Amino acid sequence: MEKRYNPEAVERKWQEFWEREKLFKVEVDRSLQKYYVLEMFPYPSGSLHMGHVRNYCIGDVVARFKMMRGYNVIHPMGWDAFGMPAENAAIKHGVHPAVWTMRNIREMRRQLKRLGYSYDWDRELATCHPEYYRWEQWLFLRMMEKGLVYRKKSIVNYCEPCRTVLANEQVEAGACWRCGTSVVQREQEGWFFKITQYAQELLDWCDKLTGWPERVLTMQRNWIGRSEGARILFPLGNGDSAIEVFTTRPDTLYGATFMSLAPEHPLCLELSRGTSQEESVRDFVNRVLTQDWDARTGEEAEKEGVFTGAYCVNPLTGRKMPIWVANFVLYDYGTGAVMAVPAHDQRDFEFAKKYGLDIVVVIQPDGEKLSPETMTEAYVEQGILVNSGEFDGTGNAEAMKAISEKLAAERKGGPTVNYRIRDWGISRQRYWGAPIPIVHCPDCGAVPTPDEDLPVVLPTDIEFPQSGRSPLPDLDWWVNVPCPRCKKPARRETDTMDTFVESSWYFDRYACPRYDKGIIDKEAVGYWLPVDQYIGGIEHAILHLLYSRFFTKVLRDLKIKESDEPFTNLLTQGMVIKDGAKMSKSKGNVVDPEELVGRYGADTVRLFCLFASPPERDLDWTAEGVEGAYRFLNRVWNLVQQHKDRKIAPDEGSYSERARAIRRVTHRTIKRVSEDIENRFHFNTAIAAVMEMTNELMKVTSQEADQAPDVAEALMEALRIVAALLSPFVPHIAEELWEALGGDPGMVRIPWPVFDPAFLTEDEILIVVQVNGKKRGEIRAPVDAAEDLVRETALAEPNVRKYVEGKTLRKAVYVPGRILNLVVG
RNA sequence: GCCUGAGUGGUGGAAUAGGUAGACACAAGGGACUUAAAAUCCCUUGGGGCAUGUCCCCGUACCGGUUCGACUCCGGUCUCAGGCACCA
C-alpha cells in the first residue's frame with residue numbers, strides 16, 4: 001500500500017487481478033441460490049455517458065453485495081447493436097455500419113472495464129451478430145406457426161427523416177421517439193406481432209409484479225387500456241350490412257341520434273359514393289388525413305365533420321341515424337366508428353350543436369329535468385333512464401348490463417371488452433437490423449425460410465448509399481432467391497425487424513450466450529431466469545418493458561421457457577442532471593465519464609453517483625460533490641495508512657468503555673449499511689453511515705491505540721469492516737485497504753459482515769423528555785429502567801420541573817428507551 | 001382534463017413501525033499548520049429572540065383534522081415533474 005492514495009495504480013492492479021482470477025465468471029450450480037442482476041444493455045453509440053455510469057454503478061453494488069451474501073450471481077453485459085445511428089454514421093462519415101458498431105463496442109467495452117464493474121465478460125453478446133439474430137429469426141417462424149405473426153396492410157406511423165415505419169409505442173405525442181419529428185400516416189404493408197392476444201394477461205400480471213414501481217405499472221395499464229362495454233351493430237339502410245361500434249355507455253343507446261366515422265374508415269368514401277355528399281366527403285377526408293398530428297389533435301383543433309349522405313338504424317329505437325365523418329374519431333380505437341349520444345357525451349354534444357343534429361335526453365339526474373333546449377353541456381353523470389322504452393326508470397348502471405344483454409339476445413351486439421393496445425408492427429425499412437426470414441413468392445405468397453437455412457445473414461459486403469435508403473432492395477444477388485416451396489424465382493423480404501425485438505429476449509440469451517442447439521438452453525434459462533433485479537431508465541416503462549413481458553409469455557407458451565414474467569424486481573433510476581437540466585450536447589452541460597475517471601479514478605466517480613441521491617431520484621451533478629467523494633476516499637486511505645501495521649495484542653476478554661464504543665459504532669454501521677442495501681437500495685444513506693463511522697474512528701489517536709490493546713483491537717476490526725462495507729461501492733480501494741489490513745484479495749468471495757446484536761446494547765441510553773409534546777430536556781437512564789424511575793429522573797431535571805411545577809400531571813406516555821411525554825394541565 | 005410521483009436549510013439529501021426535524025455531504029464563514037499558497041485538520045452554520053441557556057418562540061408547500069405527540073396518518077387546497085391525453 002502506497003503512502004498516498006493513487007487511484008490509477010490501485011485500480012489497474014485490482015482490475016487485472018479480477019480478470020486474472022476470473023472472479024466474476026459464473027456457471028449453473030444448483031447447490032447455490034442464484035441471483036440475476038441486470039442493467040439495461042447499452043446501444044453502442046461510441047461513448048459512455050453519465051446515465052450509463054450511474055445505471056451500471058447501481059447494478060454493480062447489488063451484484064457485489066449479493067456475491068458477498070453467498071449468492072451465485074450472474075451479472076452480464078452486452079450490446080444492443082442494431083439501430084439507426086449506425087446507418088446515420090455511414091451516411092455522414094462513409095463508414096460501414098458494421099465497422100462503426102464494432103469500433104464503438106470496443107471503445108465502450110474499454111470504458112466499462114475501466115470502471116471496474118463485476119461483469120462476467122464471457123457472456124458478452126452483441127445483437128448484430130448472426131448467431132444472435134439467427135435465433136430471433138427462428139423464434140419469428142415459431143411465432144408465425146402459432147399465428148402470432150401476421151402481415152397486413154394498414155395505416156402506419158411513418159417518420160420521414162428516419163425513413164421508416166414506427167410502432168405505436170414508438171410515437172410520443174405524435175412524434176418519433178428517436179428524432180422528435182412529427183410522424184405522418186401512411187398506408188403500408190408490414191409484419192405484426194400479435195401482442196393483443198396477451199393484452200389481458202399482461203394487464204392481470206401488473207397486479208402481481210409487486211417488485212415494480214407503481215408508476216411503471218400504471219403506465220402499462222394505461223397503455224393496455226382495457227375498457228368494458230358493449231359492441232353494437234347498427235344496420236345500414238340497405239339492410240344486409242351493419243356498422244359495428246364499441247361503446248362504454250350502452251345505457252345511452254336510446255339517445256344515439258347519429259353515427260360518427262373516423263376519416264380513415266373505408267366506409268366514409270364507400271357510403272358517400274353516388275350521393276350528393278361524395279365530393280365534400282372526399283375533400284374532407286383528404287384534408288384531415290394530410291394534416292399533421294398537431295393540427296388534428298392539438299388543443300385548438302376544432303371538431304368538424306361532414307355528412308356522408310347515408311343512414312343507419314338504431315337497433316333498439318329504429319331511429320334513422322345520419323352517418324357522419326368526424327375528425328375527432330380515432331380509427332385506431334374500437335372499431336373506428338362511434339355511436340353519437342349528444343345528450344350524454346361532450347364531444348357529440350358540441351358536434352350536434354354545431355351541425356344542428358338531434359339531441360335526445362335518456363338519462364335524468366335525480367331531482368332535475370334536463371332538456372335539449374336548455375342544456376349547455378352533455379350530462380355524463382349517473383341517473384335514471386328516460387325515453388328508453390322498457391328501460392325507463394332503471395338506474396343507468398343497471399341499464400348498462402340490461403341493454404347489453406338485450407342486444408346479445410337479439411344478436412345485435414352484446415357485452416365486450418376493448419383494449420387500446422394495438423399489435424406491434426415490427427417491419428422497418430432499414431438496413432442495419434435483423435432480416436425478416438421470409439421469401440415473397442408470386443405463387444405461394446409469403447413463405448418462411450426453412451430452419452436449416454437460418455440465419456438469413458444480413459449482407460455486409462455492401463456500399464451504403466448516401467441517400468440513406470436501405471441498400472437491401474437493390475441488392476439483387478441477395479434479394480433474388482428461389483421460393484423455398486415451389487423453387488420458382490422469388491424475392492426476399494427486405495424489411496428488417498424493429499430493434500426492440502432484439503432487446504425483448506437478450507436477458508434469456510445471457511444464460512447461454514454460445515448455445516448453438518437452440519434459441520436458449522432450457523437448463524440454463526430454467527436456473528437463471530427470471531431476472532431478480534432489473535435496473536434501467538424510466539423511458540422504457542412501456543416500450544422495452546412491455547415487449548419483453550410479451551416475449552417471455554410467448555416463449556413460455558412455446559414451452560421454451562418457464563417463467564411468466566421476465567423481471568421480478570425493477571428499479572427505475574432517475575436522470576443525471578447538471579445545472580438544472582438533463583445532460584445533453586445541445587445544452588452543453590455534459591460531463592465526460594472518461595475524463596473524470598482519469599482525474600479522480602473510477603472509485604470516486606462511483607462513490608459520487610451512489611452518494612448524491614437515492615437511485616430512483618434524479619442525480620444532480622456537481623463538481624464540488626465529486627471533490628467531496630475524492631476527499632472521503634483519501635481520508636479512509638490515510639486512516640488505514642496510519643494504523644495498518646499496528647500489532648494486535650491477544651484477546652484479553654475484557655473491554656474498556658472506549659473499546660466497547662468502537663465496537664458499538666462498528667456493529668451499528670454493519671446493521672445500517674446491510675439494511676440500506678438489502679431492503680431499500682438506499683446507497684446514499686449506506687455510504688453516509690460508513691462516513692459517520694469513519695469520522696468516529698478518526699477520533700482515535702495513535703497514542704490512545706498504542707496504550708490500550710483492547711482499543712487497538714477494536715480499531716483494527718473496525719477498519720477491516722470499513723473496507724468490507726465499502727467494497728460494493730468502491731471495490732478497488734476497498735481491495736487495497738483490505739489487503740493492507742491482512743485480508744485475502746478478491747473481496748466478493750468474503751462473506752458480507754454480520755452484526756452481533758450483543759455489541760449494540762448500551763447500559764445507559766438517552767431519553768427525551770417532553771412536557772405537553774414539547775421537548776424540555778433529556779436524561780440518561782439504564783436501558784431497562786422502569787417507567788417509574790425514568791419519570792422520577794425526568795422530574796428531577798430543572799428545566800422539566802419548570803414546566804411541571806404547580807400543575808397536575810394528567811398523563812404520562814413512556815415509549816421505552818425513546819421518549820417520555822408528561823401531560824400536565 | 002385524467003393518472004402517478006414529489007414539495008424539508010444557501011445546495012444535494014436524512015429521519016426504515018407516529019416518538020429529539022435537518023444525519024451525511026456540498027457551499028459559506030472563522031481558526032490551526034505554513035514565509036505564503038494549496039492540501040489537511042478543528043470550530044460555526046434553519047430563522048428569530050434575549051436573560052447566551054441542558055433557554056424561549058417559529059419552522060418540513062398551504063389550510064384544517066386525528067393523536068399525549070404528525071415531515072410521517074386523514075380531508076381539502078396550491079405548486080412542480082413525469083406519463084397519458086378527443087380512448088367513444
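Throughout, a chain's letter reflects where its sequence line sits, starting with A, and its residues are numbered from 1. Since the model is a prediction, treat every value here as computed from it, not as a measurement.
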> A/R420 side chain: which of B/G12, B/C55, B/A85 is closest?
Replying inline: B/A85

>> For the C1' atoms, the ones on B/A61 and on B/C56, what distance do you get once it is rounded to whole angstrom?
In response: 27 Å

> With no hydrogens and no angle check, do the side chains of A/Y5 and A/T604 hold a donor and an acceptor under 3.5 Å apart?
Replying inline: no

> Among B/C56, B/A15, B/C68, which is the nearest nucleotide to the side chain of A/V823?
Replying inline: B/C68

>> Would you measure the distance from the P atom in B/A27 across to the matching atom in B/A15 and give it in whole Å?
In response: 23 Å

> Of the nucleotides B/C68, B/C86, B/A14, which has the atom closest to the A/N684 side chain?
Replying inline: B/A14

>> Can you list everything that forms a side-chain hydrogen bond (donor to acceptor under 3.5 Å, both in side chains) with A/D348? Sequence neighbours excluded, please.
In response: none

> Only one of A/T257, A/N314, A/D358 forms a side-chain hydrogen bond (donor to acceptor under 3.5 Å, both in side chains) with A/R319, so which one is it?
Replying inline: A/D358

>> Looking at B/A28, which nucleotide sits across from it as a Watson-Crick or G-U wobble partner, both distances under 3.5 angstrom, or is there none?
In response: B/U44

>> Considering every strand and a 4.0 Å limit on heavy-atom distances, what is the contact class for A/F608: base, sugar-phosphate, or nothing?
In response: nothing

> Think A/R549 forms a cation-pi with A/W205, using NZ or CZ under 6.0 Å from the six-ring centre and within 45 degrees of its axis?
Replying inline: no

> Whom does B/G18 pair with, Watson-Crick or G-U wobble, provided both distances fall under 3.5 Å?
Replying inline: none

>> Just confirming the chi classification of B/G47, syn or anti, using 90° around 0 as the syn window.
In response: anti

> Do the ring centers of A/Y355 and A/W324 come within less than 6.0 Å of each other?
Replying inline: yes

> What nucleotide, of B/C86, B/U4, B/G13, holds the atom closest to the side chain of A/E214?
Replying inline: B/U4

> NA contact type, A/R635, heavy-atom cut-off 4.0 Å: base, sugar-phosphate, or nothing?
Replying inline: sugar-phosphate

> Which whole-number value in Å describes the distance from A/M50 CE to B/G12 C1'?
Replying inline: 15 Å

> In terms of heavy-atom contacts, does NZ of A/K354 have more than 12 from other residues, nucleotides or ligands at under 6.0 Å?
Replying inline: yes

> Any side-chain donor-acceptor pair under 3.5 Å between A/R776 and A/Q770?
Replying inline: no

>> Strictly below 4.0 Å: does A/N695 bring a side-chain N or O up to OP1 or OP2 of B/A23?
In response: no

> What does B/C62 pair with, Watson-Crick or G-U, if both distances are under 3.5 Å?
Replying inline: B/G76

> Nearest to the side chain of A/V329 - B/G13, B/U54, B/A88?
Replying inline: B/A88

> Hey, does A/R810 reach any base, or is it just sugar-phosphate, or nothing, if we go heavy atoms under 4.0 Å?
Replying inline: nothing

> At under 4.0 Å between heavy atoms, what does A/Q346 touch on the DNA or RNA strands: base, sugar-phosphate, or nothing?
Replying inline: nothing

> Among the nucleotides B/G19, B/U16, B/A25, which one has an atom lying closest to any side-chain atom of A/V815?
Replying inline: B/G19

> When you match A/M575 and A/E624 each to their closest nucleotide on RNA chain B, which lands nearer the 5' end?
Replying inline: A/E624

> When the distance from CG of A/L619 to C1' of B/G12 is rounded to whole Å, what number comes out?
Replying inline: 9 Å

> Which part of the nucleic acid does A/R818 contact within heavy-atom distance under 4.0 Å: base, sugar-phosphate only, or nothing?
Replying inline: sugar-phosphate

>> Is it true that A/D676 and A/T685 share a donor-acceptor pair across their side chains at a distance under 3.5 Å?
In response: yes

> For atom P, what is the distance between B/G48 and B/A25, given to the nearest Å?
Replying inline: 25 Å

>> Under 4.0 Å, heavy atoms only, any strand: does A/D618 hit a base, just the sugar-phosphate, or nothing?
In response: sugar-phosphate

> For atom P, what is the distance between B/C3 and B/A85, given to the nearest Å?
Replying inline: 16 Å

> For B/A17, does the glycosidic angle fall within 90° of 0 (syn) or outside that (anti)?
Replying inline: syn

>> From C-beta outward on A/Y333, which listed nucleotide comes closest to its side chain: B/C87, B/A14, B/C68?
In response: B/C87

>> Does A/L822 reach a base, just sugar-phosphate, or nothing at all? Heavy atoms under 4.0 Å.
In response: nothing

>> From the set B/C86, B/G12, B/U20, return the single nucleotide nearest to any side-chain atom of A/D620.
In response: B/G12

> Which listed nucleotide (B/C58, B/U40, B/G19) is nearest to the side chain of A/R631?
Replying inline: B/U40

> A/G628 near the nucleic acid: base, sugar-phosphate alone, or nothing, with a heavy-atom cut-off under 4.0 Å?
Replying inline: sugar-phosphate

> Within this structure, what is the CG-to-C1' distance between A/D348 and B/C86, rounded to whole angstrom?
Replying inline: 10 Å

> If pairing requires Watson-Crick or G-U wobble contacts with both distances under 3.5 Å, which nucleotide is the partner of B/U4?
Replying inline: B/A81

> To the side chain of A/N222, which of B/A14, B/C68, B/C3 is closest?
Replying inline: B/C3

> When rounded to the nearest Å, what value does the distance between P atoms of B/U52 and B/A14 take?
Replying inline: 39 Å

> In whole Å, what separates the P atom of B/C74 from that of B/G5?
Replying inline: 12 Å

>> Please report the distance, rounded to the nearest Å, between CG in A/L546 and C1' in B/C84.
In response: 14 Å

> Given atom CD of A/E616 and atom P of B/G13, what is their separation to the nearest angstrom?
Replying inline: 11 Å

> Mapping A/S613 and A/I819 to their closest nucleotides on RNA chain B, which lands nearer the 5' end?
Replying inline: A/S613

> Within the structure shown, what part of the strands sits under 4.0 Å from A/K774 by heavy-atom distance: base, sugar-phosphate, or nothing?
Replying inline: sugar-phosphate

> When you compare B/U8 with B/C62, how far apart are their P atoms, in angstrom units rounded to a whole number?
Replying inline: 10 Å

>> Roughly how many Å apart are B/A38 and B/C33, using the P atom of each and rounding to a whole number?
In response: 15 Å

